[in-house]
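Bear in mind that the values here come from a model prediction, so they are computed numbers and not experimental data.
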Amino acid sequence: MRRLLLTGLIGTTALALMPAASARDAAATVHTKALVLDGHADVLLPETPGRYYLPGGGSRVDLPHLKAGSVDAVVLSVAVGPGPRDAAGVAAARREADAKLGLIRKLATDNPAAVGIARSPAEVEALHAQGKVALIIGFQNARSIGNDVAQLDVFYRAGVRVFALNHAGHNEFSDSSRPDKEPVAEHRGLSPLGREAVKRLNDLGALIDVSQLSTDALLQTLALSRAPVAATHSNARALIDNTRNLSDAELDAIKANGGIVQLTPFSAYLHVASEAERARVSQVRVKFGLPGAYKTAYDDSERLPPAQRERYLDAASAAAPRATLAEYADHIDYVAKRIGWQHVGIGTDFDHGAGVTGFDSEAEAPNVTAELLKRGYSADQVDAIWGGN
């Protein structure tokens with residue numbers, strides 16, 4: 001790589017010794033010069049629950065927030081969540097995916113002077129050179145295609161370039177890191193369809209996203225893939241023991257594959273709640289008639305009627321503790337030390353529950369740059385972490 005690894009990732013730097021105003025100016029210069037890329041964000045629909053919107057309403061990834069944060073490229077994901085895998089469930093998931101794809105296209109067609117859809121790295125760089133935001137289309141959860149591998153080609157022709165086979169809950173292609181009430185493993189990793197999908201995505205030249213896969217499915221994907229992969233929105237399990245976070249063995253395997261881990265500012269994967277913070281959520285649960293004791297806020301919520309369940313989840317989300325920018329940077333540090341900063345990136349998962357104090361929308365992306373510089377990362381390393389890697 002063209003980047004130079006300087007001695008020591010963490011330590012006192014010239015930036016840390018500067019007056020605050022000078023340090024802010026220096027960080028702003030580094031941020032503006034970098035190609036700032038967010039490797040994973042979601043798309044809001046009119047029916048998306050309120051907890052995924054900003055507190056006052058609106059998107060964390062809309063054009064004003066992207067511009068305010070000098071974000072140059074973002075992967076907007078045609079994502080669907082868990083749900084029924086019968087014909088009706090697959091059809092509903094596909095309608096959701098198609099609706100999100102339509103909104104991404106509309107954003108580009110409605111703002112041709114400001115954004116464009118990128119289908120290759122060269123197109124990302126070309127749009128950046130024109131001062132436009134590059135929209136890269138992602139895909140998450142093969143539940144929206146049932147068991148039809150050929151639909152991967154359909155989405156690729158529609159402009160999708162980043163593909164994640166799973167989300168919460170198993171599907172016909174792979175096991176999830178979050179099986180909920182399903183068996184821990186259904187396929188013991190990838191199903192035969194999943195193995196076929198990995199080969200097909202390699203043939204197409206798409207980027208495979210391994211976030212949300214079970215450990216077996218992730219390692220099997222790495223063994224099969226002929227190209228580097230990305231974990232577009234994951235954190236370090238060594239710091240927070242959550243199945244959505246990556247173990248050291250998974251991190252090492254992604255490094256050996258030549259891939260990248262893009263860290264996500266998602267509070268639940270960064271912060272262990274204190275007793276007082278858990279009590280706050282317990283109070284919400286009791287108010288809605290649920291047991292105060294819980295493992296996750298979702299526990300027992302299926303007992304509630306659908307509309308009341310959504311109100312409860314919105315209220316529980318508002319009461320849940322929020323991680324800080326410093327806790328987020330701790331995970332970046334950990335992964336950078338473990339597998340090298342050349343394998344580190346940023347993937348926010350904004351508009352799907354992510355957001356921490358200090359990095360709650362794309363507008364606050366410069367805060368991440370300032371925090372990394374304060375911790376001793378060089379300008380070249382920050383540039384690599386944001387987009388160069």
Side-chain angles (χ1 to χ4, degrees), residues 39-40 75 77-87 89-94 96-97 101 137-158 160-234 243-247 249-254 256-262 347 349:
H40 182 92
V75 179
S77 190
V78 178
V80 302
R85 291 155 58 183
D86 57 12
V90 170
R94 184 55 175 266
E96 180 180 351
L101 181 60
I137 306 177
F139 170 97
Q140 184 167 29
N141 197 353
R143 190 174 74 87
S144 66
I145 60 174
N147 59 6
D148 188 356
V149 177
Q151 292 303 305
L152 297 174
D153 289 60
V154 173
F155 277 101
Y156 187 86
R157 289 194 298 270
V160 176
R161 291 297 180 268
V162 183
F163 286 82
L165 292 179
N166 218 309
H167 190 260
H170 307 318
N171 59 34
E172 303 301 326
F173 287 73
S174 62
D175 289 340
S176 169
S177 64
R178 294 187 291 161
D180 193 28
K181 292 179 172 57
E182 303 166 310
V184 172
E186 180 176 328
H187 309 291
R188 297 184 179 179
L190 296 176
S191 70
L193 281 174
R195 293 173 181 272
E196 187 180 347
V198 170
K199 180 181 184 302
R200 185 57 192 153
L201 292 172
N202 280 168
D203 291 344
L204 289 169
L207 177 63
I208 297 175
D209 177 2
V210 296
S211 284
Q212 306 265 11
L213 291 175
S214 71
T215 296
D216 285 342
L218 184 150
L219 295 177
Q220 290 164 16
T221 298
L222 293 175
L224 291 168
S225 181
R226 307 187 306 273
V229 305
T232 65
H233 52 303
S234 294
T243 60
R244 265 289 283 113
N245 289 345
L246 299 173
S247 67
E250 290 171 307
L251 293 173
D252 294 345
I254 291 171
N257 160 268
I260 186 171
V261 177
Q262 295 173 295
D349 207 15

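Between S191 and E196, every side-chain heavy-atom pair lies at or beyond the 4.5 Å cut-off.
Closest non-hydrogen pair, H167 versus P82, comes out as ND1-CD, 3.6 Å. The two residues F173 and N147 have their closest heavy-atom pair at CE1-CA, 4.1 Å. A pairwise comparison of heavy atoms in A142 and N171 identifies N-ND2, 3.5 Å as the closest pair. Contact record, S177 with T243: O-OG1, 2.8 Å, taken as the closest heavy-atom pair. Taking each heavy atom of I208 and S225 in turn, the nearest pair found is CD1-OG, 4.2 Å. Nearest heavy atoms, I254 versus A231: CD1-CB, 4.2 Å.
Side-chain contact, T215 with E250: a donor N or O sits under 3.5 Å from an acceptor N or O.
L152 contributes atom CG, which lies 4.0 Å from atom CD1 of I145 (distance to the nearest 0.5 angstrom). Atom CD of Q212 sits about 4.5 Å away from atom CZ of R178, to the nearest 0.5 Å. In this structure, CZ in R94 is found 9.0 Å from CG in L101, a value given to the nearest 0.5 Å. Atoms CG and CG, on D252 and N257 in that order, are 12.5 Å from each other to the nearest 0.5 Å.
Side chain of D209 to backbone of T232: a donor-acceptor contact under 3.5 angstrom is found. With N141 contributing its side chain and G81 its backbone, the two residues share a donor-acceptor pair below 3.5 Å. Using modelled atom types, one side-chain atom of R244 and one backbone atom of H233 make a donor-acceptor pair closer than 3.5 Å. Looking only at distances, a side-chain donor or acceptor of E182 sits under 3.5 Å from a matching main-chain atom of H170. Between the side chain of N202 and the main chain of R226, a donor-acceptor pair closer than 3.5 Å is present. The main-chain N or O of H187 is found under 3.5 Å from a side-chain atom of D175 such that the two form a donor-acceptor pair. A donor-acceptor pair is defined here as one N or O able to donate and one able to accept, closer than 3.5 Å; such a pair exists between the side chain of R143 and the backbone of P84. In terms of modelled atom types and a separation under 3.5 Å, the side chain of Y156 and the main chain of L204 share a donor-acceptor contact.
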Under 3.5 Å, side-chain donor or acceptor atoms of residues 216-223 against the rest of the protein: list the pairs with distances, not counting sequence neighbours.
residue : atom : partner : partner atom : Å
Q220    : OE1  : L190    : N            : 2.7
Q220    : NE2  : R188    : O            : 2.8
T221    : OG1  : A217    : O            : 2.8

_Please determine whether side chain to side chain donor-acceptor pair (under 3.5 Å) holds for the pair S234 and S211, giving the CA-CA distance in whole Å, both sets of side-chain angles, and the decisive distance to 0.1 Å._
CA-CA 6 Å; S234 294; S211 284; 2.7 Å; yes
